[in-house]
J.: 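Quick one: the structure is below, and I'll ask about it shortly.
Letters A, B, ... are given to chains in the order of the sequence lines, protein chains preceding strands, and every chain is numbered from 1.
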2 protein chains.
Amino acid sequence: MAETKKSNLALVAARAGVSVASVSRVLNGGGASEEMTRRVREAAEALGYVPDTSARTLRTGRTDQIALAVADVGNPVYVQMMRTVTSIVGKAGYRLVVSSTGSDPADQIDLLSSLNRGYADGLLLSPLRITADLIAAMRGSRLPIVVIGTLPADVELDNVRADSATGIGLAVEHLVAQDRRRIALVNGPVDTVPGAARLAGYLAAVERFGLTTSSELQVTATGFTYRAGRRATAQLLGQSSPDAIVCANDLLAVAALKELAAAGARVPADVAVVGMDDTDAAELATPSLTSVDLGSAKRAKAAAKLLIRRIQDPDAPVQRLVIAPSLSVRESTQEAA
Amino acid sequence: MAETKKSNLALVAARAGVSVASVSRVLNGGGASEEMTRRVREAAEALGYVPDTSARTLRTGRTDQIALAVADVGNPVYVQMMRTVTSIVGKAGYRLVVSSTGSDPADQIDLLSSLNRGYADGLLLSPLRITADLIAAMRGSRLPIVVIGTLPADVELDNVRADSATGIGLAVEHLVAQDRRRIALVNGPVDTVPGAARLAGYLAAVERFGLTTSSELQVTATGFTYRAGRRATAQLLGQSSPDAIVCANDLLAVAALKELAAAGARVPADVAVVGMDDTDAAELATPSLTSVDLGSAKRAKAAAKLLIRRIQDPDAPVQRLVIAPSLSVRESTQEAA
DNA sequence: ATCGTTCTTAAGAACGTTTTCAACGACGAA
DNA sequence: TTCGTCGTTGAAAACGTTCTTAAGAACGAT
């Protein structure tokens, strides 16, 4: 079996009685005689040789690693993305390095500069908040970056975005078809990219379907988390009585379901609830959650492919993809009042 | 601001008018004059110098990366572990590389051999199945490994294990105190380490509390997933009528809740349900889920610390930690019949 | 005045790989 | 025989860092 001692090309070469260069050639490229190949293979096997990653990286400039920066490992939408990305990059021969940056752009800027230290060949970034500094850092990066999420129009970076507005439109349309008129929004922080998009989408949809809204029908959670969702929903129910709630997130929606149950409201009979992202949590919830599928899996997949392409061809034209949303209808809106 | 061109020590040295060695010394260790320090700092800043990871790794032998191998990124217990580990290793100056191996031991063996290529300084491994080959591979590894989970007694590797038996004992005790007598088990595959432990724990607890069980009260899901849990619970309900169900997993337990609801059974009035791992999913479930906390967060934390310690001191004595379980009581068992 | 001591700096050798370049032999063609 | 060609191999130069070794300067002590 493989030895536990650490070995290198020189050792293999010595044992095989050939030069280091030849060993490298046999193991990587071609151009070697039968005899040579046989002896090298044998020696490598006997010594349990495994090439050293850092030396190879130093020489070739490739790390075979791709970094994925997510704001919160606990958010099911990131879990979904991780799953997709892992599989795509793995197939292409890359390892995935997951960095959990906080929601603070400063963390992401740190990440970018350490990226340039060369521990990855490219970065998938899904920033919650976008600041001028972050954009500058992205522009200044030597390495390819693909952004999952919306970017300002003048930033010439590959990115794959969701279409929140259309997605929320689908949800509102579905709710209006059930004669729901007092449609509330439980949003995440509006200074985040998704938060802002959700709010805009909500307002547009309300207008398009001739509904009215008011500040009492709109609450903002302090984060995209379950606990924040509980608090925000409690506040909402204290100040108005909606017949439907659109949430910026499945986690927020599950929180809304719980809070409604605690308040004695029936879902969907009294209040319908719609989540967003269509993650596993939507199916697991009770009642199961109607959710706007913003295509997170598709986005992650597209982004990963885009990044791999760009790594291979740095001069390819910039691509901006928009993934179309769809609505997964489940129990939380099913039996209309 | 930082240049986008790639720079190296030689460039910085040239600009500062000093030697490469001096630049390295200023940037890393101490031992440099005021003047030297000033000039080097200035030049480094101006050139936007960032040290190259692979070169440093090649020279020092350290990668500052720690690998975490998980069987399924989607399982909330792994999410919890990732979150904990990320924070611990991050604080210690390591990056986390997450590798999603399947449940197949072969994947993990591959991972081990690529580990020895030197892309990480150590590995956190939480294997579902343990085979002789996997153990051999772990023994043969040059790099430190800490196993999260139970290992055969004769394997001299650091590890942190849960105490399923005691944990299930807590659950059963809690159920028995409510006069539940027909306690069923929805388990995961028994050829996995956790599956086997859960089954043994269940049988021991049943015996200890003088209950009876039968094959009709025990079902085995094909995996630790929601869908498998639905199928297994459906089967269970078809062949017996338990007044309590202990599940090997929160995901399985949520599935049981859903299946019970579909079958028209009230929880906890008719049937109590207990999950395991006490993940976020337990709190999000409806009704919220009583769950055995097997200390996954603590285990992950302890394992990460153990690994960091071993990296720093390879000759430290082997440690085997057992994390004590506890029971988080919630609605799914609260209002006893 | 000479010698050791201490401090600062520079030169250069690794680390292990890939890859260029030249050398060498064999072999067919002239 | 002689020359060019081709395929196979080895020597050596990178890649960018850290760290050892040594050289030089400054300085106090003998």
J.: Does a side-chain N or O from A:S33 land closer than 4.0 Å to OP1 or OP2 of D:dT9, or not?
T.: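 So the side chain of A:S33 is within the cut-off, an N or O lying under 4.0 Å from OP1 or OP2 of D:dT9.
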J.: Kindly indicate whether the side chain of A:R59 and the base of D:dG16 share any N or O donor-acceptor pair separated by less than 3.5 Å?
T.: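 For A:R59, whose side chain was compared with the base of D:dG16, there is no donor-acceptor pair (under 3.5 Å).
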J.: Is a side-chain donor-acceptor pair under 3.5 Å present for A:D133 with A:T131?
T.: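 Their side chains do not contain a donor-acceptor pair, so the 3.5 Å distance test is not met.
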J.: Where the side chain of B:M36 is concerned, which of C:dT9, C:dA11, D:dT9 is the nearest nucleotide?
T.: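 The nucleotide sitting nearest to the side chain is C:dT9.
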J.: Mind calculating the distance between OH (A:Y49) and P (C:dT17) to the nearest angstrom?
T.: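 Nearest whole value for this atom pair: 3 Å.
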J.: Taking the side chain of B:D52 as its heavy atoms from C-beta onward, which of C:dA11, D:dT17, D:dT9 lies nearest to it?
T.: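 Closest nucleotide to the B:D52 side chain: D:dT17.
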J.: Counting side-chain heavy atoms from CB outward, which of D:dG10, D:dT18, C:dT18 is closest to A:V20?
T.: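 Within the option list, the nearest is C:dT18.
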J.: How sharply is the helix from C:dA1-D:dT30 to C:dA30-D:dT1 bent, taking the axes over five pairs at either end and rounding to 10 degrees?
T.: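 It comes to 70° between the two terminal axes.
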J.: Ignoring backbone atoms, test whether A:N28 places a side-chain nitrogen or oxygen under 4.0 Å from the OP1 or OP2 oxygen of C:dT18.
T.: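 Answer yes for this pair, as a side-chain N or O of A:N28 is under 4.0 Å from OP1 or OP2.
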J.: Once you round it to whole Å, what is the distance between P of C:dA10 and CZ of B:R25?
T.: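 Rounded to whole Å, this separation is 8 Å.
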J.: Report yes if at least one side-chain N or O of B:S19 is closer than 4.0 Å to OP1 or OP2 of C:dA11; otherwise report no.
T.: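 No.
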J.: In whole angstrom, give the distance that lies between atom CG of B:L27 and atom P of D:dT17.
T.: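 After rounding, the reported distance stands at 9 Å.
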J.: How about CD on B:E35, more than 12 heavy atoms from neighbouring residues, nucleotides or ligands closer than 6.0 Å, or not?
T.: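 Yes - once you tally the heavy atoms of other residues, nucleotides and ligands closer than 6.0 Å, there are more than 12.
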J.: In whole angstroms, how far is the P atom of C:dT18 from the CZ atom of A:R62?
T.: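 Answer to the nearest Å: 9 Å.
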J.: Which nucleotide, D:dC15, C:dT19, C:dT18, lies nearest any side-chain atom of A:L9?
T.: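 Nearest nucleotide to the side chain: C:dT18.
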J.: Answer with base, sugar-phosphate or nothing: what part of the nucleic acid does A:A32 contact at a heavy-atom distance below 4.0 Å?
T.: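 Result for A:A32 = sugar-phosphate.
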J.: Think A:S24 has a side-chain N or O under 4.0 angstrom from the OP1 or OP2 of C:dT17?
T.: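 So the side chain of A:S24 is outside the cut-off, no N or O lying under 4.0 Å from OP1 or OP2 of C:dT17.
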J.: Say whether, by atom type as modelled, one donor and one acceptor occur between the side chain of A:R310 and the main chain of A:P317 under 3.5 angstrom.
T.: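 At least one qualifying donor-acceptor pair exists.
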J.: Of all the choices, C:dT20, C:dG16, C:dT9, which nucleotide is nearest to the side chain of A:L58 once you look at every atom?
T.: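 Of the candidates, C:dG16 comes closest.
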J.: When you measure from the side chain of A:R39 to the backbone N and O of A:A16, does any donor-acceptor pair fall under 3.5 Å?
T.: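 Judged by distance alone, yes, a pair lies under 3.5 Å.
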J.: Please tell me which of the listed nucleotides, D:dG16, C:dG16, D:dG10, lies nearest to the side chain of A:N8?
T.: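 The listed nucleotide nearest to A:N8's side chain is C:dG16.
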J.: Just checking, any donor-acceptor pair under 3.5 angstrom between side chains of A:S22 and A:S19?
T.: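 Indeed, the side chains of A:S22 and A:S19 share at least one donor-acceptor pair under 3.5 Å.
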J.: B:D191 vs B:R129, test: salt bridge (Lys or Arg N to Asp or Glu O under 4.0 Å). Steps then yes/no.
T.: CA-CA 7 Å; B:D191 64 335; B:R129 296 181 169 82; 3.1 Å; yes
J.: Verify, without hydrogens or angle tests, whether A:S141 (side chain) and A:A137 (backbone) share a donor-acceptor contact under 3.5 angstrom.
T.: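 Not a single qualifying donor-acceptor pair exists.
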J.: Which part of the nucleic acid does A:T60 contact within heavy-atom distance under 4.0 Å: base, sugar-phosphate only, or nothing?
T.: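 Sugar-phosphate contact only.
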